[in-house]
Amino acid sequence: MRKINAEIPSVYNPKKVEEKWYKFWLEKDYFKAKHNHNKENNFSIVIPPPNVTGSLHIGHALNNTLQDILIRWKKMEGYNTLWLPGTDHAGIATQNVVEREIAKEGKSRYDLGREQFVERVWEWKEKYGNNIINQLKKLGFSCDWSRLRFTLDEGLSKAVRKVFIQLYKEGLIYRGNYVINWCPRCQTALADIEVESIEEDANLYYINYPIKDSKGEIITVATTRPETMLGDTAVAVHPDDKRYKKFIGKTAILPLMGREIPIVTDSYVDPEFGTGAVKITPAHDLNDFELAKRQKLQVINILNNDGTMNEQAGNFKNLPVFKCRERVLNELRKKGFLNNIEDYKHSIGHCYRCGTIIEPYLSKQWFVKMKKIAEPAILAVEEGRIEFTPSRWEKVYYDWMRNIKDWCISRQLWWGHRIPVWYCQDCGEIIVELEDPTICKKCGSHNLLQDPDVLDTWFSSALWPFSTLGWPEESEDLKCFYPTSVLVTGFDIIFFWVARMIMMGLKFCGDAPFKKVYINPLITDAEGRIMSKSKGNVIDPLTVVEEYGSDALRITLASLTIQGNYICLSEERIKGFRNFANKIWNVSRFSIMNLADFNIDKIEKNKLKMTLADKWIISRLNEAIKKSTDYLNEYKFGEAAKTIYEFTWSEFCDWYIEFSKPKLYQEKDTIEKRTSQYILWFVLENTLKLLHPFMPFITEEIWQKLPHKGESIMVSPWPKYKEKYMNKDAENKMEKIMSIIKTIRNIKSDMNIPYSKEIDLYLNVNEKYKLKLIEENVNYIETMIKTKSLEVGTGIKKPEYSATGVLEGVEIFIPLKDIINISEEIARLEKKLNKINSELNLIFKKINNKDFLSRAPEEIVKKERDKADDLRDIKERLENNLKSFKR
RNA sequence: GGGCGGAUAGCUCAGUUGGGAGAGCACUGGUUUUACAAGCCAGGGGUCACAGGUUCAAGCCCUGUUCCGCCUACCA
């Protein structure tokens with residue numbers, strides 16, 4: 001009879017349960033961290049703060065799923081956990097969003113003015129800034145929302161200011177005129193790492209520069225950016241270059257401009273490249289700038305902030321760079337200065353926020369001196385105080401840190417932390433103070449002007465692990481949770497963020513901000529391409545949640561998380577894990593139906609009568625607990641998830657549930673039945689606990705429906721591995737029974753016998769030990785295989801027209817008089833025999849090798865010999881069976 | 001130019017100190033069975049990129065080669 005439970009549907013519906021339990025956890029305050037001064041018992045993570053303008057993408061989903069797994073797992077292990085959430089003010093991105101918004105009103109930020117504009121951005125932030133936070137909640141993340149932070153919060157701003165001032169006072173922050181990366185669209189300076197080099201097909205232009213006072217002599221230079229010639233102030237050649245010896249010290253006439261520029265020598269010039277003569281544009285090329293400093297050359301800036309030419313470009317004034325390039329080339333061609341154009345592939349810098357081509361641009365900016373700050377940060381990793389996982393990222397970190405350059409931190413934006421520097425308009429004094437100054441200490445003037453620039457957003461992000469905990473105050477949070485336990489992030493921001501946090505943490509808190517950096521992979525689509533809106537291959541996590549549930553998405557992402565750099569995600573994958581959720585749902589449904597009359601409190605554990613299957617599943621569960629916990633400790637999320645998945649589906653559901661049915665279906669309340677119920681409950685509850693960090697909603701829903709103690713699975717203890725539950729003997733025995741069942745199924749399938757067809761079954765067993773084992777556990781075979789009759793014994797003769805299966809020490813006969821096709825059966829057996837023979841040959845080669853016998857460890861030799869014996873036995877029986885057909 | 005990573009089943013990838021080549025998906029056949037057809041049962045499919053070396057034994061360690069990614073660098 002089919003047992004039906006009308007109350008529990010056979011398909012899991014995540015929509016009905018997710019919201020309910022998230023609310024429940026919040027009401028119970030489970031996410032809220034407590035102050036606990038026993039630091040060993042604290043486990044803390046700060047979230048990589050998403051941009052306040054952002055909306056949740058699949059990368060966030062992965063990154064935060066992994067953090068949530070750690071937090072939930074550690075919490076169940078008994079730690080006092082803190083997962084501190086927050087958002088990042090994202091200077092350029094946020095300013096862009098609001099600028100676009102006011103553009104719709106036909107206004108620019110200049111129309112509003114600085115103060116009003118910033119107010120508009122705050123309004124925008126209050127209105128939309130929590131979008132991404134609410135999206136995070138949809139995925140069940142257990143962040144401590146009472147500690148939500150924003151990089152522009154008062155406390156965090158104070159930290160920024162304090163850090164700036166200290167670095168300035170120590171001479172580690174300075175202001176200067178340098179060639180920096182300028183984004184003409186964002187109209188701000190960028191740090192070197194904010195420039196993305198993209199290799200493009202371009203041209204190398206050869207331009208003739210006439211030599212002054214000569215009879216038509218010229219020097220030819222090569223350039224990729226011909227328009228910059230308008231700002232040239234010299235031509236440089238290598239001092240040893242014989243070709244140009246005659247020109248050294250002479251003067252060239254800059255075409256189109258008519259400016260007289262010197263021909264200088266510098267060993268920076270590579271004589272092999274181009275013509276070996278380089279045009280020098282100090283204001284728009286870093287190397288040229290350095291060279292100009294060495295040679296004391298004139299510096300001419302030809303660009304405006306918006307990427308158009310300024311008055312220094314003469315007739316080309318107000319033209320945008322590329323228009324200007326065209327015009328310059330035309331003019332050069334017309335006037336006979338353009339010598340040649342070659343195809344040329346090279347890297348061109350683009351703004352990492354808007355993609356616009358970056359112009360090297362001479363301007364006054366603020367910088368942080370990095371070398372000194374980097375040293376202790378390198379040491380911290382070398383000494384193992386910070387560990388990267390996977391460890392290969394340490395090399396990437398070292399490589400960057402050991403070649404670190406000064407960091408340009410000023411941005412010509414309005415949205416961000418204003419640089420805390422005032423200039424006295426009367427005496428020129430520079431004032432850098434914690435509190436806004438009103439008077440110049442030097443001359444007493446009140447005529448002070450604050451620096452208009454703001455700081456790079458990453459400057460405040462660098463302080464995130466301690467500024468969020470209350471630094472510079474000596475707060476309880478800081479005392480309890482700094483340093484944090486682990487940082488989980490992507491490799492794309494190791495330089496931007498991780499390295500800088502390490503430097504700042506060491507510098508200002510004396511301790512690295514985290515003990516471990518776990519680098520999670522990047523998600524690509526099924527074909528391995530990075531997801532992007534323009535490619536149209538994005539998988540939106542919220543759509544996935546809507547369709548398949550949050551748990552399905554989470555367990556998919558966790559299972560795919562390997563130690564590599566990329567993981568391929570597809571909807572097919574998610575469907576597979578949605579099916580897994582349904583499997584869990586149904587095994588629970590089965591359990592709940594069969595535990596209706598079960599009461600944990602009435603169970604007397606020492607009176608239980610455990611069957612072989614009971615001992616086996618307990619041992620397997622124990623193994624799964626050990627393996628999955630070990631994997632989590634090693635941050636192998638995929639392996640941990642897979643271990644639990646396989647245990648749940650392939651062992652618990654596929655085998656144990658079937659084995660337990662006869663006992664569970666007994667009408668009477670026997671000790672056997674109660675034992676079965678207990679084991680079923682015990683295994684299921686522990687499985688749910690193992691799954692909880694990965695799939696919090698479904699596990700809570702089921703746990704609450706099952707007999708349980710405590711108020712939530714979220715705060716229940718993590719399963720513990722216990723040596724005494726390991727039972728290798730039961731595992732070996734069960735495996736033997738299972739392999740008999742598998743072999744019979746195999747024969748039935750090969751012979752096209754449907755599952756429901758009852759068969760006569762003979763098991764001929766040649767060993768006393770095995771005979772006893774099978775006799776005692778024959779009920780498992782009968783549970784799985786429908787039999788008309790079953791005979792187990794020694795010396796059983798093979799009935800005529802039987803299909804045969806051979807295992808170590810066991811022969812299986814299934815008489816199939818009406819069905820069997822002799823030639824097919826012979827072919828089947830011969831195929832098996834061939835396989836055995838080739839295996840046997842390999843082993844013979846080994847065990848007949850003297851060197852193997854003398855040098856391999858004894859246990860390996862014994863293993864091989866045993867295997868050979870088993871295979872020989874199987875081979876012999878297969879041959880006998882074949883003979884019986886051929887007779 | 002330098003560095004890092006990768007090459008294992010049709011696809012995407014696991015494979016922890018060297019000792020029986022695995023998973024998911026896809027594919028083929030069977031199957032309405034007292035939880036689940038989003039299920040169950042069974043099956044096919046791999047010279048572990050190539051060439052050497054170390055070893056009794058190599059997907060794993062060493063050397064070289066080819067191909068593919070990524071990061072990085074001032075060759076205009």
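Every chain is numbered from 1, with letters handed out A, B, ... down the list of sequences.
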ask   = What integer number of Å spans the P atoms of B/C4 and B/G20?
value = 32 Å
query = Can you find a side-chain donor-acceptor pair between A/T228 and A/K279 that sits under 3.5 Å?
reply = yes
request  = Have a look at A/E639 and say if it touches a base, only the backbone sugar-phosphate, or nothing, with a 4.0 Å heavy-atom cut-off.
outcome  = sugar-phosphate
message = So, OP1 or OP2 of B/A35: does either fall under 4.0 Å of a side-chain N or O from A/Y665?
response = yes
key: Side-chain H-bond candidate by donor/acceptor type, A/D266 with A/Y268, under 3.5 Å   = no
query = How is A/G549 classified with respect to the nucleic acid when contacts are heavy atoms under 4.0 Å: base, sugar-phosphate, or nothing?
reply = nothing
message = If I take atom OH in residue A/Y268 and atom C1' in nucleotide B/A73, what distance separates them, rounded to the nearest angstrom?
response = 13 Å
ask   = Whole Å only: how far is the CD1 atom of A/I753 from the P atom of B/C40?
value = 22 Å
query = Which part of the nucleic acid, if any, lies within contact of A/R392, taking any heavy atom under 4.0 Å across all strands shown: a base, the sugar-phosphate backbone alone, or nothing?
reply = sugar-phosphate
request  = Give the rounded distance in Å between these two atoms: NZ of A/K627 and C1' of B/A14.
outcome  = 12 Å
query = Just to confirm, is there a sub-4.0 Å distance from OP1 or OP2 of B/A42 to any side-chain nitrogen or oxygen of A/R745?
reply = yes
5' precedence on RNA chain B between A/K863 and A/Y12 (nearest-nucleotide basis) = A/K863
task = With a 3.5 angstrom cut-off on both distances, give the Watson-Crick or G-U wobble partner of B/C4, or none if there isn't one.
result = B/G69
inquiry  = Within the 3.5 Å criterion, strictly below it, is a donor on A/Y352 or A/E196 matched to an acceptor on the partner's side chain?
reply    = no
request  = Would you please confirm or rule out a distance under 4.0 Å between OP1 or OP2 of B/C40 and any side-chain N or O of A/W649?
outcome  = yes
Contact under 4.0 Å: A/K395 side-chain N or O vs B/C71 OP1/OP2 = no
key: Side-chain N or O of A/N746 closer than 4.0 Å to phosphate OP1/OP2 of B/G43   = yes
query = Any idea how A/F580 and A/W649 line up, ring-wise: parallel (<30°), tilted (30 to 60°), or perpendicular (>60°)?
reply = parallel
request  = Could you tell me which nucleotide pairs with B/C50 by Watson-Crick or G-U wobble geometry, both distances under 3.5 Å, or answer none if nothing does?
outcome  = B/G64
task = Scan A/D654 against the nucleic acid and name what it touches under 4.0 Å (heavy atoms): base, sugar-phosphate only, or nothing.
result = sugar-phosphate
inquiry  = For B/C27, give the paired nucleotide (Watson-Crick: N1-N3 plus N6-O4 or O6-N4; G-U: N1-O2 and O6-N3; both under 3.5 Å), or none.
reply    = B/G43
ask   = Mapping A/Q563 and A/F491 to their closest nucleotides on RNA chain B, which lands nearer the 5' end?
value = A/Q563
query = What is the pairing partner of B/U32, taking Watson-Crick or G-U wobble pairs with both distances under 3.5 Å in any strand?
reply = none
query = A/K786 near the nucleic acid: base, sugar-phosphate alone, or nothing, with a heavy-atom cut-off under 4.0 Å?
reply = nothing
task = Give one of base, sugar-phosphate or nothing for A/Y344, where a contact means two heavy atoms less than 4.0 Å apart.
result = sugar-phosphate
request  = Could you check which nucleotide pairs with B/C74 in any of the strands shown, counting Watson-Crick or G-U wobble with both distances under 3.5 Å?
outcome  = none
